[in-house]
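Below is one structure, written out as structure tokens; the observations come after it.
Counting from 1, the numbers follow the sequence of the chain as shown.
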Amino acid sequence: MLSPLVKGALLLLLAEACFAGIGAIVKFTSGTASEIQVVFFRNFFALLLMLPFLYKHGFGLLKTKRWYLHLSRALTGIISMYCFFYVLARLPLAQGMLVLLLSPFIVPVIARFWLKERPSRLTLFSILLGFVGVLLALPANYGSAEAVLLVGLLSAVLVAVTKTTIRYMSDTEPAVRIVFYFSLLTALLSAIPVPFYWQPLNNDVWLAFIGMGVLAATGQLAMTRAYAVAPASDIGMWTYSSVIFAGLFGYLFWQEPVSAAWFGGVLVIFYAGYITTRQRLF
């Protein structure tokens, strides 16, 4: 029987693999589709995949007294998506994923003041160690992209708020309801600007959008469940794992270089994750 911390970490690893896959698809479609289209179809196809859950659970799935939290999460989530996809279209995949890698630093801060979760010193040390690993793993030639990275920082802050909101509402809201409302509200909100930024799309892009919807629904379910079973301040740093998947996808599909420093950073990141998990197991 897996402990809640291990289960949460594994679910978050699955979620980050899905999110790195979304990043790869965004990069693939960025030359053909606008960011407005990418955000909308990511949410639209994710919503379609969530409809069977509505059929299974009935309209009782929609009953909630915390609609304001669902709406707040949708708003922060969709703004974060626009920022994130903007960054991915302009940087190599491994660099662009830095956006998501910044959020674990912000999650414990928000969780400390909002959820009253006090991270241990070892957790704080492992977060710092993970950041060092990120700096080692990512290419160093992004000095001329300060404006893009500032947009990425904004996205990271909003991602951290979103993840902490999940933790806050998970005591009364099941994972399926949280993800369904997120898919529904973000699809509706992101549809508004689409007619003003429409571009013709080819068959490959349509297939990519469908794949992105599958990954989005799977990743959202896994992430939501992860933060429901384990404290955000203890498993949030596993978000670093996305750099591994991003580096792999970047190398396979765009021949982005993978250096010895990248491998060194990956080892540091995983060691940081190991010591965080170990402190709860022993």
Side-chain angles (χ1 to χ4, degrees), residues 5-6 8-24 26-27 84 87-88 90-109 119-146 148-153 155-157 159-160 163 219 222-223 226 230 232-282:
L5 187 64
V6 173
L10 291 175
L11 285 167
L12 199 54
L13 281 171
L14 172 60
E16 295 306 324
C18 291
F19 296 150
I22 291 173
V26 170
K27 191 168 185 63
F84 181 45
V87 171
L88 285 178
R90 288 158 178 81
L91 292 179
L93 185 59
Q95 291 180 5
M97 292 304 292
L98 177 64
V99 169
L100 296 184
L101 298 180
L102 292 172
S103 64
F105 299 101
I106 308 164
V107 167
V109 176
S120 68
R121 291 182 179 179
L122 189 56
T123 296
L124 294 175
F125 170 73
S126 66
I127 290 173
L128 179 61
L129 192 62
F131 182 60
V132 172
V134 169
L135 294 180
L136 288 173
L138 294 178
N141 59 341
Y142 55 80
S144 61
E146 291 88 351
V148 177
L149 292 179
L150 283 176
V151 175
L153 177 60
S155 180
V157 171
V159 168
K163 290 179 178 180
M223 183 186 72
S233 56
D234 288 332
I235 65 170
M237 58 79 52
W238 280 104
T239 304
Y240 293 134
S241 63
S242 60
V243 72
I244 300 167
F245 302 113
L248 177 62
F249 296 153
Y251 176 77
L252 290 177
F253 300 121
W254 292 280
Q255 292 73 55
E256 296 174 357
V258 177
S259 63
W262 187 89
F263 282 107
V266 167
L267 292 177
V268 171
I269 291 166
F270 266 94
Y271 179 70
Y274 166 74
I275 63 175
T276 299
T277 304
R278 187 178 184 277
Q279 70 170 322
R280 294 288 183 165
L281 295 178
F282 300 98

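Summarising the geometry of F249 relative to W254, their closest heavy-atom pair is O-CE3, 3.9 Å, with the distance given to 0.1 Å. Of all non-hydrogen atoms in A226 and G8, the two that sit nearest each other are CB-O, 3.4 Å. When all heavy atoms are compared, the tightest approach of F245 to A20 is CB-CB, 3.5 Å. The shortest heavy-atom contact between L88 and L93 is CD2-CD1, 4.0 Å.
By the side-chain contact (heavy atoms from CB on, under 4.5 Å) test, L10 is found to be paired with L2, V6, L13, residues two or more places apart in sequence or in another chain being considered. Annotation: side-chain contact (heavy atoms from CB on, under 4.5 Å) contacts of Y251 (sequence neighbours excluded): V258.
Taking CG of L14 as the reference point, atom CZ of F19 lies at 9.0 Å (rounded to 0.5 Å).
At a threshold of 4.5 Å between non-hydrogen side-chain atoms, the residues L11 and M223 do not count as touching.
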